[in-house]
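What follows is a single structure, written as structure tokens, with notes after it.
The model shown is predicted, which means the values in this text are computed figures rather than measured ones.
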Amino acid sequence: MSAHDLKARLRAQARDRLPAPVVERVRARARLHERVRVLEAEVQENRQLNRRIAELTDVVTELLVPLEARDRARVDEVLARYREGL
């Protein structure tokens with residue numbers, strides 16, 4: 001029997017001896033920990049997306065003035081800098 005199997009067996013035996021309300025609280029806590037882990041990952045993904053949106057907004061803002069002034073060299077410079085950052 002592997003160490004993992006032994007641990008699982010001991011956990012099951014301990015669970016069988018605990019009152020049902022205690023077991024349910026332990027399970028609820030485990031579900032909450034998992035939900036927090038998932039939410040933290042989603043928050044991190046959201047932060048990355050927001051940063052990307054901010055970067056794109058900056059590029060668009062930088063392009064508006066040179067485009068209006070028909071400054072093609074400045075437009076090319078801004079686009080080149082943006083592409084390097086990808």
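Taking CZ of Arg81 as the start and CD of Glu62 as the end, the distance is 4.5 Å to the nearest 0.5 Å. Remark: Leu32 CG to Leu39 CG distance equals 10.0 Å, nearest 0.5 Å. Between the CD atom in Glu42 and the CG atom in Asn46 there is a gap of 9.0 Å [rounded to 0.5 Å].
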ask   = Under the side chain to side chain contact (heavy atoms under 4.5 Å, CB included) criterion, do Arg83 and Leu79 qualify, and how do the steps go?
value = CA-CA 6 Å; Arg83 289 183 183 120; Leu79 288 175; 3.7 Å; yes

request  = In sequence, state the C-alpha distance, the side-chain angles, and the governing distance for Glu34 and Val38, and then conclude on side chain to side chain contact (heavy atoms under 4.5 Å, CB included).
outcome  = CA-CA 6 Å; Glu34 177 60 18; Val38 168; 3.7 Å; yes

request  = Check the pair Glu40 / Arg35 against salt bridge (charged side-chain N to carboxylate O under 4.0 Å, His left out), numbers first and verdict last.
outcome  = CA-CA 9 Å; Glu40 286 175 343; Arg35 183 66 183 138; over 6 Å; no

task = Take Leu63 and Tyr82, measure what side chain to side chain contact (heavy atoms under 4.5 Å, CB included) needs, and give me the verdict at the end.
result = CA-CA 11 Å; Leu63 286 172; Tyr82 169 71; over 6 Å; no

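The closest side-chain donor-acceptor pair between Asp5 and Ser2 falls under 3.5 angstrom.
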